[in-house]
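This is a predicted model, so every value here is computed, not measured. Basis for what follows: all heavy atoms, side chains included, without hydrogens, waters or symmetry-related copies.
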Amino acid sequence: MRVVASAAAYWMMAERELWETHDSYDYLDWSQAKSVSFSKLKPSTKTISLRWPETLLDRLKIEAHK
């Protein structure tokens, strides 16, 4: 059993577990979906520092270049 820090964390975990085992086609009618454009959004980047093992970074780089 997992220990959950807050109600928000609980619901996020529950939603993640739901989508791991269900398909959106069971809940949405994708034939009625419409394409949208968010043209006024501005791309943003933020530099962060992560300390990860080099092997993990190497695997991420390989996946990113596929």
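To the nearest 0.5 Å, atoms CZ (R51) and OG (S49) are separated by 5.5 Å. Here the straight-line distance linking atom CZ of R59 with atom CD of E54 works out to 12.5 Å at 0.5 Å rounding.
Hydrophobic clustering, with ILVMFWY side chains joined whenever heavy atoms are under 4.5 angstrom apart, keeps L60 apart from I62. Residues Y10 and M12 fall into different hydrophobic clusters, defined by Ile, Leu, Val, Met, Phe, Trp and Tyr side chains chained together at heavy-atom separations under 4.5 Å. Both L57 and I48 sit in one connected hydrophobic cluster of ILVMFWY residues. Membership requires side-chain heavy atoms under 4.5 Å apart, directly or through other members.
Taking a 6.0 Å sphere around CH2 of W19, one finds it holds more than 12 heavy atoms contributed by other residues, nucleotides or ligands. Surrounding OH of Y27 are more than 12 heavy atoms belonging to other residues, nucleotides or ligands, all under 6.0 Å away.
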